[in-house]
Amino acid sequence: MSNTDHARRRRARSPSPEYKFDEVDDSYEPYVPVAQRRQAKLAKLSTLGGNSEKSKAKQLQEDLDEKEDAQREEERRREKARKERTLLLEAQEVHLKKTTEDSKKTAGEKAQEADAEILEAIKSRRKLASDMELAQGIQYTEPLETSWRPPRYIRDRTADQDQKLRDKYHILVEGEDIPPPIEHFTDMKIPEPILDYLRSNRIVNPTPIQLQGIPVAFSGRDIIGIAFTGSGKTLAFCLPLIMTALEEEMKMPFIRGEGPVGIILCPSRELATQTYDNVVTWCSALAKEGKYPQLNTVLCIGGISMNDQSHVLSKGLHIVVATPGRLIDMLEKKRFTFNNCKYLCMDEADRMIDLGFEDDVRNIMSFFKHQRQTLLFSATMPKKIQDFARESLIKPVLVNVGRAGAANLDVLQVVEYVKQEAKMVYLLECLQKTPPPVIIFSENKNEVDDIQEYLLLKGVEAVAIHGSKSQEERQYAIKSFKSGAKDVMVASGVASKGLDFNDIQHVIIFSMPKEIEDYVHQIGRTGRSGKTGIATTFVNMNTPEQTLLDLKYLLKEAGQKVPPFLSTIEDPRAAQGGALTGCPVCGGLGHGISNCPKLEDSQRRQMASHRTNDEGGGY
Ligand SMILES: Nc1ncnc2c1ncn2[C@@H]1O[C@H](COP(=O)(O)OP(=O)(O)OP(=O)(O)O)[C@@H](O)[C@H]1O
């Protein structure tokens with residue numbers, strides 16, 4: 001084939017970049033495919049006669065084939081080289097463009113992009129649903145129906161009027177068809193004996209989380225409820241369960257082997273015990289006048305004998321308050337079933353999901369036979385957990401009072417620089433700030449014991465509680481401190497979440513926790529239920545700078561005094577020019593994800609055994 005032939009073929013097959021479709025090519029000859037041409041040549045050769053002529057023709061044909069093969073190979077090679085050149089050029093162009101764009105970005109923007117990439121990478125957790133539901137692709141789409149309706153005059157309010165009420169109480173909501181906020185307990189149609197009991201305990205008007213959270217939960221909706229420490233979340237998630245159980249019991253009384261209607265999961269035994277005590281008290285108040293039936297509640301936590309509750313287990317069961325490990329054990333032993341269970345509440349839900357209980361929660365969910373209403377409550381709920389939880393709930397309503405993870409404004413926060421070796425002596429001085437009761441927090445169990453020993457030597461009536469103490473010791477510490485027999489309680493994180501002691505005057509944080517959420521929970525043991533309290537925190541050279549930054553921002557947010565040694569700490573992100581948003585993993589305001597202390601910790605925790613939780617919350 002001549003060069004012109006090649007040129008023609010190339011032109012005909014693939015227009016060059018300069019090729020114009022409307023150009024007229026005078027030298028145009030129609031393209032004849034190879035097979036057709038070969039056929040034509042063969043026909044021509046076969047017209048030559050004789051054997052010698054035939055073998056000549058065969059030889060000619062073979063030469064022709066060889067040549068054409070070589071030409072095709074050469075064309076393929078050139079085409080490949082051209083393509084490779086183009087790809088290389090494209091890659092170079094993209095790289096050049098990215099480098100130019102990157103050079104235009106500030107260090108802050110680059111850091112934000114890096115954070116977003118990490119967040120994306122850690123998002124790959126499985127949905128919070130039972131393995132059976134996940135495997136069978138069961139996905140509920142509509143919330144559970146309940147018979148509860150707000151009073152007519154509230155239903156007649158406009159969306160604007162509802163919103164005004166929410167604005168008045170600083171309540172933020174997200175979700176579809178959000179039930180209205182209700183300002184008075186009586187309008188919530190709560191049975192009179194419970195209202196009487198609440199009034200006798202100075203619980204007259206609902207707190208913001210209650211006035212929006214209770215109508216949402218009464219309507220059967222899944223809810224993520226976030227509000228300050230000590231703002232009454234317990235009532236907001238217990239009342240709806242009591243009402244559901246009451247309705248079921250009144251429809252058809254429960255007999256032995258039936259129930260429970262709902263469960264409340266807590267991350268520690270102490271919190272579960274406290275919630276159980278509350279539920280039992282409210283249920284007793286309900287049944288007191290004999291107008292309403294008795295609802296039965298069981299406490300399922302590690303470290304106690306379930307035989308003590310066999311009298312309840314032998315009747316119909318309405319409510320279970322539990323820590324995950326013991327609950328799974330009871331379910332596996334078929335001491336009760338979830339065949340009729342339709343209410344699952346998690347208190348301190350972010351901790352439940354994050355502290356290595358995630359698989360336990362999934363396991364517990366696998367015992368449900370039907371759709372359930374899920375309620376998640378906490379004072380801290382970083383964005384990462386909120387997003388994860390939202391994916392797992394059905395048309396959830398988010399009710400948020402204040403920023404998730406913000407400190408309670410009724411707590412006066414004092415941060416003091418105290419050298420490590422001076423802490424113990426200064427502690428005694430610090431105890432003089434207020435009358436008892438006082439809680440002292442330390443992150444380290446040995447330090448908790450040392451502090452208690454030191455205080456006892458100095459004549460201070462102190463008890464200690466941490467995860468390595470026996471259940472009896474833990475119960476004794478809580479009981480004697482609650483009753484006022486002891487003035488001071490020295491505690492590790494176990495007592496920081498959810499525990500509601502009467503009128504704590506002062507919280508002393510002897511060693512600042514690494515995670516700012518823990519700090520928020522710890523100072524939250526005072527300043528509860530509208531009262532004020534003081535929190536004194538010791539920091540020094542041993543406190544990581546990033547923790548100090550988180551603290552600085554938290555103090556600023558709460559309008560508290562920032563001591564000079566904190567104000568001088570600069571945020572490296574400010575110099576980079578990025579937006580100073582909170583960390584989506586832990587809610588800390590002083591760092592991004594890449595520096596999050598919790599990320600590293602939670603990965604470590606997830607690898608640790610779930611049931612040997614340091615605080616003994618599990619089994
Ligand atoms: N409507 C109310 N009015 C007055 N006091 C209330 C009201 N509701 C609850 N309380 C009281 O407020 C205190 C704190 O309530 P609760 O323990 O439920 O707080 P919480 O929001 O769960 O706190 P935490 O985040 O620390 O767990 C309790 O002693 C409770 O009796």
Side-chain angles (χ1 to χ4, degrees), residues 169 171 181-188 190 194-215 217 223-242 264-268 270-279 281-282 285 321 345-352 375-381 399-411 437 439 441 478 482 491 493-504 507 517-533 535 587 617:
Y169 293 101
I171 302 168
I182 301 183
E183 271 187 300
H184 305 288
F185 280 127
T186 39
D187 287 340
M188 293 181 189
I190 297 165
I194 292 188
L195 289 184
D196 287 343
Y197 177 82
L198 293 179
R199 274 187 221 112
S200 68
N201 281 275
R202 295 194 301 279
I203 299 181
V204 182
N205 291 309
T207 61
I209 187 66
Q210 292 167 350
L211 70 83
Q212 179 64 84
I214 293 177
I223 173 173
I224 301 175
I226 304 164
F228 300 116
T229 51
S231 60
K233 294 185 286 292
T234 316
L235 189 71
F237 59 74
C238 288
L239 258 187
L241 174 52
I242 294 174
I264 298 170
L265 275 181
C266 306
S268 79
E270 283 69 24
L271 184 55
T273 308
Q274 177 182 287
T275 306
Y276 165 80
D277 288 342
N278 275 322
V279 174
T281 313
W282 292 325
V321 184
C345 175
M346 285 192 249
D347 192 9
E348 311 296 342
D350 54 330
R351 303 269 113 178
M352 295 287 308
L375 299 91
L376 309 179
F377 276 83
S378 188
T380 51
M381 181 89 69
V399 180
N400 204 338
V401 184
R403 182 185 70 87
N408 182 332
L409 300 181
D410 292 330
V411 182
I439 300 189
F441 280 112
I478 299 263
K482 259 197 173 168
V494 68
S496 70
K497 278 151 225 127
L499 290 191
D500 183 47
F501 300 105
N502 267 344
D503 297 338
I504 300 289
V507 169
E517 290 170 302
D518 289 339
Y519 169 82
V520 170
H521 283 282
Q522 288 178 6
I523 65 165
R525 294 318 96 201
T526 186
R528 299 175 73 77
S529 178
K531 298 181 194 109
T532 51

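Starting from 1, each residue takes its place in the sequence as its number. Quick note: numbers below take in every heavy atom, side chains included, and nothing from hydrogens, waters or symmetry partners. Keep in mind it's a predicted model, so treat the numbers as computed, not measured. Start at 1 and go down the list; that is how both ligands and their atoms are numbered.
Residue contacts with ligand 1: Ile203 is placed with no nitrogen or oxygen under 3.5 Å of a nitrogen or oxygen of the ligand (distance criterion only).
Only the side chain of Asp500 comes within 4.0 Å of ligand 1, judged by heavy-atom distances.
Thr380 places no side-chain N or O within donor-acceptor distance of the main-chain N or O of Glu517, the cut-off being under 3.5 Å. Looking only at distances, a side-chain donor or acceptor of Gln210 sits under 3.5 Å from a matching main-chain atom of Thr207. In this structure a side-chain-to-backbone donor-acceptor pair under 3.5 Å is missing from Ser378 to Met381. Although no hydrogens or angles enter the test, the distance criterion places a donor-acceptor pair under 3.5 Å between the side chain of Asn408 and the main chain of Asp410.
Close approach of ligand 1 to Ser231 is summarised as follows: ligand atoms under 4.0 Å from at least one heavy atom of the residue are 19 (O), 20 (P), 21 (O). Listed by atom number, the atoms of ligand 1 under 4.0 Å from Glu348 heavy atoms are 27 (O). Taking every heavy atom of Thr234 and a limit of under 4.0 angstrom, the matching atoms of ligand 1 come to 16 (P), 17 (O), 18 (O), 22 (O). For ligand 1 and Arg525, the ligand atoms under 4.0 Å from any heavy atom of the residue are 26 (O).
Between Leu211 and Tyr169, the closest side-chain pair of non-hydrogen atoms falls below 4.5 Å.
Residue contacts with ligand 1 do not include Leu198, since none of its heavy atoms lies under 4.0 Å from the ligand. Ligand 1 lies within reach of Gly230, whose nearest heavy atom is under 4.0 Å from it. The shortest separation from a heavy atom of Phe228 to ligand 1 is under 4.0 Å, placing the residue in contact.
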Please list every donor-acceptor pair under 3.5 Å in which a side-chain atom of residues 227-235 meets a protein atom from a residue at least two apart or in another chain.
{"residue": "Ser231", "atom": "OG", "partner": "Phe228", "partner atom": "O", "Å": "2.6"}
{"residue": "Lys233", "atom": "NZ", "partner": "Ala227", "partner atom": "O", "Å": "2.9"}
{"residue": "Lys233", "atom": "NZ", "partner": "Phe228", "partner atom": "O", "Å": "2.9"}

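Nearest-residue assignment for atom 1 (N) of ligand 1 (options Asn278, Leu211, Val204, Asn205; heavy-atom criterion): Asn205. Nearest to atom 24 (P) of ligand 1 by heavy atom, out of Arg202, Gln210, Arg528, is Arg528.
Shown here for Gln274 and Gly498, the closest heavy-atom pair between the two residues is NE2-O, 2.9 Å.
Ion pairing between a basic and an acidic side chain is recognised when a charged N comes within 4.0 Å of a carboxylate O; Arg528 and Asp500 show such pairing.
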